[in-house]
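All values below were derived from every heavy atom in this structure, side-chain atoms included, with hydrogens, water molecules and symmetry-related copies excluded. Computed from a prediction, not measured in an experiment: that's the story for all the values here.
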Number of protein chains: 2
Amino acid sequence: MPTDRNIDLTISDDHASAPPKAAKKILDVAYDLFYRRGIRAIGVDEIVKRAGVTKPSLYRSFPSKDELAASYLRQYDLEYWERFDEAVAAHPGDPRAQIKAFLTRIGKRTQVADYRGCGMTNAAVEYPDHSHPARVVSEANKQELRRRLRAMAVAMGAQAPDTLGDGLLLLIEGAYISGQLFGLGGPAQAVARNADLLIEASLKK
Amino acid sequence: MPTDRNIDLTISDDHASAPPKAAKKILDVAYDLFYRRGIRAIGVDEIVKRAGVTKPSLYRSFPSKDELAASYLRQYDLEYWERFDEAVAAHPGDPRAQIKAFLTRIGKRTQVADYRGCGMTNAAVEYPDHSHPARVVSEANKQELRRRLRAMAVAMGAQAPDTLGDGLLLLIEGAYISGQLFGLGGPAQAVARNADLLIEASLKK
DNA sequence: ATGTATACGTACCGATCGGTAACATTGTCA
DNA sequence: TGACAATGTTACCGATCGGTACGTATACAT
């Protein structure tokens, strides 16, 4: 009875057999390690050790560490938009409330010890080279975030929707970063309030 | 930005009196490399090679690579507050104009290819461990930034000065990060405009 | 049972990591 | 001239880096 991890996965994963594939265990462990401690800081040896597999197994499922990092971010991307869409779905037709819900959630998440910010943002900082596989995923995620925020600013009827959308993006990125810089009681807890203030000022007149 | 800091070295270089200090060459090169490509990404071998010195020379001047990184950030800190104080000095007694000047400058600096954001912020992302020498310097710098922004929000007569100060910090950090994420035409160019909007909204009533 | 394909493990690779020991060379000042 | 401090030279350390050659175990269809 070696592993009790990933039991939650079996909920959607039916059949009696279906042994937990090495690739999934590797990606799960890599996700956690890469996010919490950084991609460059984690070696493949530690990943395979914590995943209970061996190195060749990793390289049969992923062509390289860089591609494993990109896979981690693709998974991150999926879950990111799930959270985003949840905030959107909670307030249909009310983009201002959607933003507020999303930012309130971010603000809350930053108020925990050892908060590590946004995996996408962190990866971009770790890899300045625009051609790095991980950075490609990260940049695409941020472009999409910008697109959505600007669209919501339009829907809110902002005077200068692109400016407001970008302002919201700046606040969000600032929350991610200052969340991990300041820890509890940091500026990130004020992100939703400031965003609402900014929205208010951008709709005026 | 660190491009002009080597000039004095080449011009005033030795012959006459002082021998070229290895420590300075090392720190100059490390500054440039650490900032542009990241601390973890740069090995000591590359630093000494580019500095034209040898490894023992590095370790006679700096106890470790981590301490060299901290020294780089201490230098960064000095230049950071120089720039900040320039913006302040340009508008005596007018904190709102000081902020605007500082943010306008940041917004401009982000609009260049291969912009790499804030060295302090980047170092904190690279080293989540709060006890890391580089991170210690980084966190102190950010605490000071927060302190100053909040004080300026008070001076501006904001309704909730701590909230405004923190909001400005979020915008600034967002500009640093999105500057390196989006490159030219990114959201960071709107930082000063959004800050002014936020200030306006925070003074109202 | 047997062949076959797939999954996994043992052991290893060369390169690079941060860091050091021991000694030679240089410039400056007295 | 002699002494000192700073730097250079060469060679090395153990650990870890990302990555792989190659043999072994298991599953399944025939």
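- B:L197 approaches A:A201 most closely through the heavy-atom pair O-CB, 3.8 Å.
- Contact annotation for B:S57: backbone-only contact, meaning every heavy-atom pair under 4.0 Å involves sugar-phosphate atoms and none involves a base.
- At least one test fails for A:R83 against the ring of A:F102: distance under 6.0 Å to the centre or angle within 45° of the axis.
- Separation of atoms CZ (B:R37) and OH (A:Y127) is listed at 13.5 Å; rounding is to 0.5 Å.
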Under 3.5 Å, which N/O atoms of the protein pair with N/O atoms of nucleotides 16-23 of chain D?
residue : atom : partner : partner atom : Å
D:dG18  : OP1  : A:K65   : NZ           : 2.8
D:dG18  : OP2  : A:V44   : N            : 2.9
D:dG19  : OP2  : A:Y59   : OH           : 2.8
D:dG19  : OP2  : A:K65   : N            : 2.8
D:dG19  : N7   : A:K55   : NZ           : 3.3
D:dG19  : O6   : A:K55   : NZ           : 2.1

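- Ring-plane geometry between B:Y31 and B:Y35 is classed as tilted, the angle between the planes lying from 30 to 60 degrees on a 0 to 90 degree scale.
- Listed nucleotides: D:dT9, D:dT7, C:dC8. Nearest to the side chain of B:T54: D:dT9.
- Within the cation-pi definition used here (under 6.0 Å to the ring centroid, within 45° of the axis), B:R146 qualifies as a partner of A:F182.
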